[in-house]
A.B. asks: 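This is the structure I have questions about; it appears just below.
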There are 2 protein chains.
Amino acid sequence: MRRKLTQRGRERRDQLIRCAAQLFAERGYHPTSVADIVECLGVGKGVFYWYFSSKEELLSELLKSSHLSLRRRQQAAIGDEPDPVRRIELGIRATLQWFHEHRDYFAIIQFAATDETFAPVLRRNREVALGDTIRHLKEAIVEGRIPDSDPETLAHAIHGVIDQLTRRYLLETNEPVSRVADAAVSFCLGGLAGGLDEGVSPVS
Amino acid sequence: MRRKLTQRGRERRDQLIRCAAQLFAERGYHPTSVADIVECLGVGKGVFYWYFSSKEELLSELLKSSHLSLRRRQQAAIGDEPDPVRRIELGIRATLQWFHEHRDYFAIIQFAATDETFAPVLRRNREVALGDTIRHLKEAIVEGRIPDSDPETLAHAIHGVIDQLTRRYLLETNEPVSRVADAAVSFCLGGLAGGLDEGVSPVS
DNA sequence: CCGCACCTTGACCCAGCGGTCAAGTAGCGT
DNA sequence: ACGCTACTTGACCGCTGGGTCAAGGTGCGG
């Protein structure tokens, strides 16, 4: 469903995605009907199918676009920082900040992860995210800023920490972002310095 | 939907729950129809509604019964162990073992967590689980086996660790249970000894 | 062997869903 | 002013899926 869109068209599309995101977050994907989505915008049903070929496609696009938004935020935060370790720190902080401002997406992503249909998009997103982290890690290793160990494993560990801390502290409590970010950063940088060689657990 | 059930009746009910659990785990809750469930048992649709008043109720019962099963496993593992700290350790090991044997339930619980409908059951389950842990913790504190700090926070931290390790190592890798359990136990007991006073993160 | 309670059947009901489309409107480029 | 393309409408459709029910089977206590 690639169409030529005018400015107005692009806005409508965004409205639909935002509207759907809110409803999906509130009631879940399946219980939200296409009728609900267009009603919430006060438009006819045809509008939906002008911009998306199916409800599934909308969610896929939502997942892609939210990931893009997060990634842009990270890049903006990192800027042209030369130190790879500091880049990782800035990335972690930006990520937590973003999730804090977009709590809704967390529920949606969590749902998408339980449905095979969206596995490809999520896998893709994850690979991109890991790739970003891995690049910084490799550079940090080359420059001797952190000990030499498998960057992929390190990246997984970092993402695991962010995931868990987001879940627990950003969604379930009112903990201020900065404190959670401090904890995440200090733990991750500590983990990087120590390496992960001595055990199965990223926390050992 | 409370009915007088014969032995045979109870078995049917269990069959339905098990069958549904498998289908839910494979395809998800919404995409699995009641027709699918009864078909997988080769019985008529009426059977389903003899035992459950709705598809929702079935999932609620599934969540309750799986939690009961886990709890029984924990209690069996703990036995009459007098040392509260050791009881916590045995509980952690039993939990990981149980999740290892019932991977399917993890996906289902994860889905249920994304649907408001099941929030009450899940909350209830969680409160019971926390209560169990808290009891041991309080006793351990009274006996001076671990430093005095908020048992509820400690319990949350322990459950968080179990949750995360289950997700990462029991579901996504083939790590043997015993090694994951060792890591979980050593981290949790370490955490208990150290307390959580110095930061927001359970890993700091 | 009766009677009763438990269990099973499967055709049926129908609300509501995802998705279509012929017809119409809006606005831009020329 | 015209025409073209982007956009919008909302009635409509086929069908799926949760849920019902009258009728029939099964097995056990008396």
Side-chain angles (χ1 to χ4, degrees), chain A residues 1-24 26-63 108 111-112 114-118 121, chain B residues 1-24 26-63 108 111-112 115-118:
Chain A
M1 178 78 39
R2 223 47 266 125
R3 275 190 198 285
K4 285 212 76 179
L5 295 183
T6 63
Q7 179 58 28
R8 187 158 145 270
R10 260 171 276 133
E11 273 160 27
R12 256 280 188 276
R13 211 183 106 105
D14 274 9
Q15 281 176 0
L16 282 165
I17 291 188
R18 274 202 306 275
C19 227
Q22 196 190 329
L23 292 171
F24 289 168
E26 275 166 20
R27 323 182 196 169
Y29 174 77
H30 288 293
T32 301
S33 69
V34 174
D36 290 335
I37 297 170
V38 295
E39 192 194 358
C40 127
L41 263 175
V43 299
K45 214 177 190 180
V47 171
F48 186 97
Y49 289 96
W50 177 259
Y51 295 101
F52 305 97
S53 61
S54 68
K55 196 180 151 192
E56 269 181 21
E57 200 203 67
L58 169 71
L59 180 49
S60 294
E61 289 298 308
L62 166 53
L63 293 170
I108 298 172
F111 161 77
T114 70
D115 192 320
E116 283 303 322
T117 319
F118 307 106
V121 198
Chain B
M1 178 79 37
R2 212 72 233 140
R3 277 191 196 284
K4 285 211 74 178
L5 296 183
T6 63
Q7 178 58 29
R8 187 157 145 272
R10 258 169 280 134
E11 273 161 25
R12 255 279 187 276
R13 211 184 106 105
D14 274 9
Q15 282 176 359
L16 281 166
I17 291 188
R18 276 201 304 275
C19 229
Q22 197 191 327
L23 292 172
F24 288 167
E26 276 167 18
R27 321 182 198 170
Y29 174 77
H30 288 292
T32 301
S33 69
V34 174
D36 291 335
I37 297 170
V38 296
E39 192 195 359
C40 128
L41 263 173
V43 298
K45 214 177 190 179
V47 171
F48 186 97
Y49 289 96
W50 178 259
Y51 295 101
F52 305 97
S53 60
S54 69
K55 196 181 152 191
E56 270 182 21
E57 202 204 65
L58 170 73
L59 180 50
S60 294
E61 290 297 310
L62 166 53
L63 293 170
I108 297 172
F111 161 76
D115 192 321
E116 283 303 322
T117 319
F118 307 105

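Values in this document were obtained by computation on a predicted structure and should not be read as measured data. Below, chain A is the first sequence line, B the second, and so on; all start at residue 1.
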A.B. asks: Nearest 0.5 Å, please: how far is CD in B:Glu11 from CG in B:Asp14?
C.D. replies: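 So the gap between those two atoms works out to 8.0 Å.
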A.B. asks: Quick check on C:dA5: is either OP1 or OP2 less than 4.0 Å from any side-chain nitrogen or oxygen of B:Thr6?
C.D. replies: no
A.B. asks: Tell me whether the side-chain N/O atoms of A:Trp50 come closer than 4.0 Å to OP1 or OP2 in D:dC7.
C.D. replies: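 Yes, A:Trp50 has a side-chain N/O under 4.0 Å of OP1/OP2 on D:dC7.
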A.B. asks: Any side-chain heavy atom of A:Trp50 sitting closer than 4.5 Å to one from A:Val43?
C.D. replies: no
A.B. asks: Mind checking whether B:Phe118 and B:Tyr29 have parallel, tilted or perpendicular rings, split at 30° and 60°?
C.D. replies: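 Correct class here is perpendicular.
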A.B. asks: Which whole-number value in Å describes the distance from B:Glu11 CD to C:dC6 P?
C.D. replies: 17 Å
A.B. asks: Would you say the side chains of A:Gln15 and A:Arg18 form a donor-acceptor pair under 3.5 Å?
C.D. replies: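 No pair is found: no donor N or O on one side chain lies under 3.5 Å from an acceptor on the other.
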A.B. asks: Heavy atoms under 4.0 Å is the rule here; annotate nucleotides 25-30 of chain D 5' to 3' with B where the base is hit, S where only the sugar-phosphate is, and - elsewhere.
C.D. replies: ------
A.B. asks: Whole angstrom is fine here: how far is it from CG in B:Leu5 over to C1' in C:dA5?
C.D. replies: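 Computing the B:Leu5:CG to C:dA5:C1' distance gives 12 Å.
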A.B. asks: What's the CD-P distance between A:Glu39 and D:dT8, to the nearest Å?
C.D. replies: 17 Å
A.B. asks: Please report the distance, rounded to the nearest Å, between CZ in B:Arg12 and P in C:dT9.
C.D. replies: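 Going from CZ in B:Arg12 over to P in C:dT9 covers 7 Å.
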A.B. asks: Using a 4.0 Å heavy-atom cut-off to protein, can you give one letter per nucleotide of nucleotides 12-22 of chain C, 5' to 3': B if the base is in contact, S if only the sugar-phosphate is, - if neither?
C.D. replies: -----SBBBB-
A.B. asks: From A:Leu41 CG over to A:Asp36 CG, what is the distance, rounded to the nearest 0.5 angstrom?
C.D. replies: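 Nearest 0.5 Å value for the CG-CG distance: 12.0 Å.
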A.B. asks: Does B:Gln7 reach the side chain of B:Arg10, with side-chain heavy atoms less than 4.5 Å apart?
C.D. replies: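 Of all side-chain heavy-atom pairs linking B:Arg10 with B:Gln7, at least one is under 4.5 Å.
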A.B. asks: Would you say A:Lys55 and A:Ser33 make side-chain contact, with heavy atoms under 4.5 Å?
C.D. replies: no
A.B. asks: Taking CD from A:Gln7 and C1' from C:dC28, how many angstroms apart are they, rounded to a whole number?
C.D. replies: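 Nearest whole value for this atom pair: 14 Å.
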A.B. asks: Does A:Arg3 make a side-chain N or O approach to OP1 or OP2 of D:dC7 shorter than 4.0 Å?
C.D. replies: no
A.B. asks: A:Lys4 NZ to C:dG27 P: how many Å, rounded?
C.D. replies: 19 Å
A.B. asks: Give the minimum heavy-atom separation between A:Ala21 and A:Ile108, together with the two atoms involved.
C.D. replies: O-CD1, 3.3 Å
A.B. asks: Write down the distance between CG (B:Leu16) and C1' (C:dT8), rounded to a whole number of angstrom.
C.D. replies: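 Interatomic distance, CG of B:Leu16 to C1' of C:dT8: 12 Å.
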A.B. asks: For a quick check of understanding: with a heavy-atom distance under 4.0 Å over all strands, which category does A:Tyr51 fall into, base, sugar-phosphate or nothing?
C.D. replies: sugar-phosphate
A.B. asks: What is the nucleic acid contact for B:Val43, judged by heavy atoms within less than 4.0 Å: base, sugar-phosphate only, or nothing?
C.D. replies: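 Sugar-phosphate, no base atom in range.
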A.B. asks: A quick test of your reading: do over 12 heavy atoms of other residues, nucleotides or ligands sit less than 6.0 Å from CD of B:Glu26?
C.D. replies: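 Above 12, so yes.
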